[in-house]
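Since the structure comes first, as structure tokens, the remarks are kept for the end.
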Protein chains: 2
Amino acid sequence: MLGRGIFLKNHFPIELSVANKEPIKPQIVATKTVARTRLFRIETVDLCFANGVETRYERLRSGRHGAVLIVPLLDRETVLLIREYAVGTERYELALPKGRVETGETLFAAANRELMEEVGYGASRLTYLTSLTVAPGYIEHTTHIIVAEKLYEERRPGDEPEEIGVMPWRLAELPALLAREDCTEARSIAALFMVKEKLSL
Amino acid sequence: MLGRGIFLKNHFPIELSVANKEPIKPQIVATKTVARTRLFRIETVDLCFANGVETRYERLRSGRHGAVLIVPLLDRETVLLIREYAVGTERYELALPKGRVETGETLFAAANRELMEEVGYGASRLTYLTSLTVAPGYIEHTTHIIVAEKLYEERRPGDEPEEIGVMPWRLAELPALLAREDCTEARSIAALFMVKEKLSL
């Protein structure tokens, strides 16, 4: 983090409102479910900010235990990606395997189950990397990133409507992956960069 | 991308179903809006896959023109982050500025407007970097990443309920940023890595 202005003032005209002091969280005055479908629940949230401003927001609740996204390392240099149809964007997307954490499941158990269902491997070593959000301004959802190593062959049946394509990719060739039109999913891209940096590739 | 198996077979027991051949997209049989609120529209989509399997999915439509996420470079080494309350996760998040593209607006006009509203700067140079999705499996939404350089002071009023904190951060100190609990938004993290790599920092 930069210092509080001295460096900046020397070469830039205005002082930035550096966000160093801890902000006071707004109060939730009321929440109300306004729509519910099989997969989604939408809520209005009435907030009162520290400055007295009151605003109504909408947010998507997941009502579940979050999700895991797995970085399966075939070896120290190679990650396994999957290609799966994404109905949100109506195209096949190349990304890391992921899925919901079921009730009663640990993050590692969920990661290993999804790995077996989507990629056809289990992992003897699972490591928690970080947790990411997709759009914290209006979605509750959190995804836990799990690195999977020491892979062994084991396939479990999932609920996928068609066979998932698995594609090994060298982490050193991340720029070529990002240049593809079918690799757009932000959590996967962030996780790949983090793992690449961690492994100093 | 790795070759088709020779390399892998030498040190791994099973052949991966390498997803090299172009998949056949499922057909959309029917779509139906099942919930609509001020911000969200949820749709069911009935799909028929190439193998004959029929499935019903739900997805979130944005019904808008996508969003922009701006990487404002104060200088070649320093990015400007904002800290804003996120009602989805109920905490302040440190991330890059972003916002919706309004009807009739170009991506660059939207990026510069959001930059002026949220950070208090305009940019003389705007460059398109890439487009990211947040959860393509069930959200239509696409975010276009715009790099903003040659900044000048200009603030425009936005619709924010309280003043947004602005925090300069050196790209070289990205690991320290990722170690913070309030920096979790995947699109911002992916964009910061990409810009850092592009600038060879």
Side-chain angles (χ1 to χ4, degrees), chain A residues 1-2 8 12-14 16-19 23 26 34-35 37-40 42 45 47 49-51 53 55 57-60 74 78 83 85-89 92-93 130-140 153 161-163 165-170 173 178 184-187 189-190 193, chain B residues 1-2 8 12-14 16-19 23 26 34-35 37-40 42 45 47 49-51 53 55 57-60 74 78 83 85-89 92-93 130-140 153 161-163 165-170 173 178 184-187 189-190 193:
Chain A
M1 201 177 74
L2 290 172
L8 292 169
F12 216 73
I14 68 164
L16 292 160
S17 78
V18 180
V34 290
T37 68
R38 189 174 58 86
L39 195 63
F40 300 107
I42 296 167
V45 186
L47 284 185
F49 283 83
N51 60 9
V53 173
T55 323
Y57 288 87
E58 285 187 2
R59 68 179 175 191
L60 201 64
L74 187 60
T78 312
R83 184 161 68 180
Y85 185 70
V87 74
T89 50
Y92 282 85
E93 287 281 339
T130 191
S131 296
L132 299 177
T133 56
V134 293
Y138 62 93
I139 303 179
E140 184 194 22
E153 186 181 348
E162 62 179 2
E163 203 196 342
V166 177
M167 192 182 272
W169 203 279
R170 285 185 192 277
E173 287 167 40
L178 300 179
T184 69
E185 198 262 310
R187 288 168 295 178
I189 296 171
F193 270 112
Chain B
M1 202 177 70
L2 290 173
L8 292 171
F12 215 72
I14 69 163
L16 291 159
S17 78
V18 180
V34 290
T37 67
R38 190 174 58 83
L39 195 64
F40 300 106
I42 297 166
V45 186
L47 284 185
F49 283 83
N51 59 9
V53 173
T55 324
Y57 288 88
E58 286 188 0
R59 69 180 175 191
L60 203 63
L74 187 62
T78 313
R83 185 161 67 179
Y85 185 71
V87 75
T89 50
Y92 282 85
E93 286 281 338
T130 192
S131 297
L132 298 178
T133 57
V134 293
Y138 61 94
I139 304 179
E140 183 193 22
E153 188 182 345
E162 64 180 2
E163 205 196 340
V166 176
M167 192 181 272
W169 202 280
R170 285 184 193 278
E173 287 167 39
L178 300 180
T184 69
E185 198 263 309
R187 287 169 295 178
I189 295 170
F193 270 112

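All values derive from a computational prediction rather than experimental measurement. Proteins come first, then strands; the chains are lettered A, B, ... in the order of their sequence lines, and each starts at number 1.
The contact between Leu47(A) and chain B is made entirely by side chain atoms (from C-beta outward), counting heavy-atom distances below 4.5 Å. Only the side chain of Thr55(A) comes within contact range of chain B, judged by heavy atoms closer than 4.5 Å. In this structure, chain B has heavy atoms under 4.5 Å from both the backbone and the side chain of Tyr138(A). With a threshold of 4.5 angstrom between heavy atoms, Ile42(A) approaches chain B through side-chain atoms but not through N, CA, C or O. With a 4.5 angstrom heavy-atom cutoff, Val87(A) touches chain B via backbone and side-chain atoms both. With a threshold of 4.5 angstrom between heavy atoms, Tyr92(B) approaches chain A through side-chain atoms but not through N, CA, C or O. Proximity to chain B (any heavy atom under 4.5 Å) is restricted, for Glu93(A), to the side chain, taken from C-beta onward. For Tyr85(A), the part lying near chain B is the side chain, with the backbone staying farther off; criterion is any non-hydrogen pair under 4.5 Å.
Neither side chain, Thr89(B) nor Thr133(A), offers a donor N or O lying under 3.5 Å from an acceptor on the other.
Nearest heavy-atom pair across Arg187(A) and Leu132(A) is O-CD1, 4.0 Å. In this structure, Phe40(A) and Glu58(B) approach most closely via the heavy-atom pair CD1-OE1, 3.5 Å.
Of all the listed residues (Val53(B), Ile139(B), Thr37(B)), the one sharing the greatest number of non-hydrogen pairs under 4.5 Å with chain A is Thr37(B). When each of Ala186(A), Gly137(A), Pro136(A), Ala190(A) is scored by its heavy-atom pairs under 4.5 Å with chain B, the top score falls to Pro136(A). Chain B forms more heavy-atom pairs under 4.5 Å with one residue of Val134(A), Leu60(A), Val34(A) than with any other, namely Val134(A). Most heavy-atom pairs under 4.5 Å with chain B, from the set Ala35(A), Ala86(A), Pro23(A): that is Pro23(A).
No donor-acceptor distance shorter than 3.5 angstrom exists from the side chain of Asn51(B) to the backbone of Glu163(A), with no hydrogens or angles considered.
For the pair Leu178(B)/Phe193(B), a side-chain contact is recorded, criterion being any heavy-atom separation below 4.5 Å from C-beta on. Within the 4.5 Å cutoff, no side-chain heavy atoms of Tyr57(B) are placed close to those of Pro26(B).
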